[in-house]
Structures are given as structure tokens and as C-alpha cells.
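One structure below.
In what follows, chains are A, B, ... by sequence order, proteins preceding strands, each numbered from 1. Bear in mind that the values here come from a model prediction, so they are computed numbers and not experimental data.
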2 protein chains.
Amino acid sequence: MTGSREPVRYRQVAADLRQAVAADAYGPGGRLPSEEALARQYQVSRGTIRQSLALLRHEGVVTSRRGTRRVVLESPPLQDFAELLSFSRWARAVGERPGGRVVREEHRPATPEEQRQLRLEPQAPVYWVLRLRTLTDCPVMVERTAYPQAVGALVSGMPPEAVSVTELLERHGIVLADADHTIDLVLAEAEDAELLGCPVGSPLLRERRRTTDPAGVPVEWSEDRYLPGTVAFTMHNSLASTALTRSRATVPAEAEPEAGS
Amino acid sequence: MTGSREPVRYRQVAADLRQAVAADAYGPGGRLPSEEALARQYQVSRGTIRQSLALLRHEGVVTSRRGTRRVVLESPPLQDFAELLSFSRWARAVGERPGGRVVREEHRPATPEEQRQLRLEPQAPVYWVLRLRTLTDCPVMVERTAYPQAVGALVSGMPPEAVSVTELLERHGIVLADADHTIDLVLAEAEDAELLGCPVGSPLLRERRRTTDPAGVPVEWSEDRYLPGTVAFTMHNSLASTALTRSRATVPAEAEPEAGS
DNA sequence: GAGTGGTCTAGACCACCCT
DNA sequence: GGGTGGTCTAGACCACTCC
């Protein structure tokens, strides 16, 4: 059994503290007990407590500063990684019913962009699929995803009714471990407009994402276009750990300056 | 002297490894030496090496998996936290000349939204300022920022020619330690359009941001609107640490369902 | 089964905040 | 100066990957 969930000690402690914070046990702007006190309380070493607190710090739940107790921050309801990557899980988590359908699919050689993103050899085949995603029957997003052949074989064999690709992949032992996201704005093309039911040229929020497995091997490369007003992306970062970056937008209409112009 | 920079050991090691990776010392998709080997190499304990590697892992530079050596990931050029928060620093980092001017400023009681974001008492005064930001003389963003009074006093005393608020705050000992960002899409209002030189109603990429100091006290609350094509936001996250969240867009003006019990 | 990263411990010293 | 978090050490054992 792969799924032998039994959280390790520091995660249990972290979960407990997270919940305590959420339950307002220390008050907003309140202070946590000292690490040593927590170590006694949970019967673990200080090192383990520090591992727990590192999690909370990265999540933006508490501060950390030499010399003073940790302070409870606003606790933005963080989604776990699985919810972030899976449209279906996210939809359920926010109380909506996820839906969608495959609009078009192709087996074909990778484009230069796909080669780069999925780290493939030139001409390597990919499985590419265009899906329309709905939230409680309301179209909110079009998704264009390329998978390397091995993964694509699994995905393309999926029943058309299946909603969650992510969950399918998991059942086949493919673990999504890391993702890079780029968020910007594009104008709806004819195809987008038709599917989303919006005028051609109307603005859409675009998320491009490359996801890799624990070994660093790319598993999917996706471009998602959201109808405005349906989603926002939020993130937390801190001096200690920066995950967010602001970059100059990639100017050209299509992909990177690459081969084209 | 506040700025007694002298990186601690694990950061030195991390910087060294980061550079080695960037210099392609291990090849793309290559493997790092084992933790023990690195510990010997750098003459530190394994614990210290692990601290260094944790940094790189959070940055998305390497993977980590039980049982195998760490694998070098695509290395997205990460900006440090300072560059992320400061328009001026960012501009310089991407080779542009930062500019801008104060369009309007107000000293007034906080709006309900500002109260919440800056954790102020009702009617507490804020300093609010509207700036137009330029990249090499080209308007790219309008920024509407509210500061709590204490901070505002510093900012409002700033020479109108000064470009970097962030650097000013730093010189006064205010450290920006944590930030929450929300990214979505809005349509240009009359004021935006006039300043940015775009049509009213044209789409803009919006970043709302609350920044706090190391004690968790809010320092600024800002809404920035970017002309499309000028920026993109990119981020990295992993199973180990999630900083990014996708949320339903905030539809109503105010009001959170907040189950009060 | 050897190699490797993940977890945990117990203790040490230091840098910093606060009173 | 006492309390607290940040850094570092040295060792232990376990879980997993890969040969």
C-alpha cells in the first residue's frame, strides 16, 4: 500500500499548533509559547518543535524573530499543494461542483516550447488536450495541457467523464511534487471566447504551469485561461523564503522570442 | 551600524551551491553530492548542510527525495525578497530605470478595508498616496498605498523626487519581513486610464499586497495596477512548502461569510 | 544490502529583544 | 541580565531507492 498515511511527529505538532492558532487559542497578534515550553508540552526535542514551527512560518501563520516569542499572523486559509494543482479538488474545497469536458485532443510531436518545458528530445511525441472546466456548470476556464508520452498514455485512456486528471495520475503512482507558475493576462482568442461564452478579445487571467515529479521530471505543461472574476491567485512570502517573482512579461504574441521572429 | 552583513555559515554554503548549480557544475538534471560528502567538503555538520539545502529546495533549485541524491531542477532566476517588494530595485535588476511621481496624497481616516488590512482601530488615520510608476520613462503601473500613521509620517516627508519608498523605510530601520499578495484582473477606471495612457475599461493586472514587519505589524497595504504586457508574476511551490493559493475571486465589495462562533 | 535523505535527540553557544 | 529564537554539532535510527 502506497498510501500508508501516518504523519511524522513534527507534522502532527504543526497540525496541532495550526489548529490552535485557527481556534484563536493565542489571540490574533498573540504570542506562542516558547520553543522550550512547546518541547516539554509535546514531549519532543526542541529541534522537532523548530521543524514544526518552520512549516508554520513558511505558511505565513506565525512570525519568527530572534529575541521574542513568535507572533500569530493573520492566517490566510492556505490550501495544500494537492488542492492547488487539481482543479477538481480546489472546486470541492471552495464548495463548488467541478465539471468539464475534453474539447479536443492530439497526439503529435512536441512544439519547441513544449520540448523546453517538458525537457523532451526534438520531435518527441506529446499528448495534448484542450479542456473546458466548469464550476457548478458554469464555464470558468480553458485548459491546454501537454503531457510527455508516458503520462499522456494514462491521461488519454481516461474516461471522458472523469473530472480529475490529478487524481488519476496519483492512482498510477505519479506524484506531483513541484510546480512553477506564471501569471499574466491575455486576450480571448476565438476558441477561448466560444468555449467560455465571452467576446473575442476580452481579457482573461492566464496561468502557465509546469509540474514535475519528485525526481524533477516534468509531468505536465499547462496553460489555463480563467474568466475574470472567477479566481484570484494569492501567495505569501517572507524574508526567509521567497517563492514569488515578478518578471518582465514575455512580450511576443505567441511563445517566447525563440525561433519565430 | 545596523547593516553588519556577515552571512551565517549555512547561507554561505547555500550561496556557494546555488552558484555551482547556476554554473552548471552538476549539469541540468544532474545530481548533487550526498549530504555527508558536502558536510566533509565544507567542513560543517550534516545539519548545517541540510539547512543550506532546505533553502535551495524552497527556491526550487533542487529536489529532495528519500533514497536518492538531490537532482538539479530548472533554476528559475529567483529574485530576493527585497527586489520583489521594491519597484525600484526590481526595475534595476531587470535593467530598466525606475521612475515615478506622486499623483495625489491624503491624510485621512482609514477606510474599513484599510482598517482590516493594516489592523487599525476605527477612524485611525492613514497616509494614502497614489503614484504613477515608470520603467525607463514609460508608464507601467499605478500604485495606491495606505500606510499607518507612523510609517506614513516618514513616507510623506519624502522628497517628491525620491524613487524608492522601500529603501527609505529601510534607512529608518523598518524591515519588511512578510507579504501577502493577491493577483487578479481589473478594468481601468478613468484615473488609471489617464495616468497609464490606456483606454478606460482596458484590462489591467492587479496585485494587492499587505506587507508586515518582523513583529507581524502591518506596514503597508497597496493596490498596484499594471499595464498588460509589462509584468508577469511567477512563483514556485512544492509538496514540501506551499505559498501559493488559488481562491475564488472576491466578488462583493466587503463582507466575508465569517462564521462567528 | 549499500547508499541516501528524513526524522529526532541532547546539548552548546550566540545574537537579539525587552525590561 | 534573563528569556528567546538562530545556528551548529554529533550521533542515532529509519524509510526509501536502486543495484
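Rounded to whole Å, the distance from CZ on Arg11(A) to C1' on dG6(C) is 10 Å. Rounding to whole angstrom units, CG of residue Leu38(A) and C1' of dG3(D) are separated by 15 Å. Atom-to-atom, CD of Glu36(B) to P of dA10(D) comes out at 12 Å; the value is rounded to the nearest Å. One can place CD of Glu35(A) at 12 Å from C1' of dG3(D), the figure rounded to the nearest angstrom. In this entry the distance linking CZ of Arg40(B) with C1' of dG3(C) reads 12 Å, nearest Å. Rounded to whole Å, the distance from CG on Leu55(B) to P on dT7(D) is 9 Å. In this structure, Leu32(A) places its CG atom 12 Å from P of dG6(D), rounding to the nearest Å. Atom CZ of Arg70(A) and atom C1' of dT4(D) are 10 Å apart (whole Å).
The Arg9(B) side chain lies nearest to dC8(D) when the options are dT9(D), dC8(D), dT7(C). Checked against dT9(D), dG5(C), dT7(D), the side chain of Val8(B) finds its nearest nucleotide in dT7(D).
Using a 4.0 Å heavy-atom criterion, one finds that Arg50(A) contacts the bases of the nucleic acid, with or without backbone contacts as well.
Heavy-atom neighbours of Glu36(A) CD from other residues, nucleotides or ligands within 6.0 Å: at or below the threshold of 12.
Side chain Arg57(A) to base dG5(D): no donor-acceptor pair is found below 3.5 Å.
Close to dT4(C), at under 4.0 Å from its OP1 or OP2, lies a side-chain N or O of Arg69(B). For Arg46(B) and dC13(D), the shortest distance from a side-chain N or O to OP1 or OP2 is not below 4.0 Å. Here Thr48(A) does not reach the OP1 or OP2 of dT7(C): none of its side-chain N or O atoms lies under 4.0 Å away.
Tyr127(B) and His107(B) have tilted rings, their planes meeting at an angle from 30° to 60° on a 0 to 90° scale.
Taking the side chain as every heavy atom from C-beta outward, Ile174(A) and Glu170(A) never approach each other to under 4.5 Å.
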Show, in sequence, the C-alpha distance, side-chain angles and deciding distance for Arg108(A) and Glu114(A), and conclude whether the salt bridge (Lys or Arg N to Asp or Glu O under 4.0 Å) test is met. CA-CA 11 Å; Arg108(A) 55 164 174 71; Glu114(A) 288 163 356; 3.0 Å; yes

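In this model, a donor atom of one side chain and an acceptor atom of the other lie less than 3.5 Å apart for Thr145(A) and Ser222(A).
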Show each protein N/O and nucleotides 17-19 of chain C N/O combination with a separation under 3.5 Å, one pair to a line.
none

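With sequence neighbours excluded, the residues satisfying salt bridge (charged side-chain N to carboxylate O under 4.0 Å, His left out) with Arg209(A) are Glu207(A), Glu220(A), Asp224(A).
Between Arg131(B) and Glu143(B), at least one side-chain N (NZ, or NE/NH1/NH2) sits under 4.0 Å from a carboxylate O, which counts as a salt bridge.
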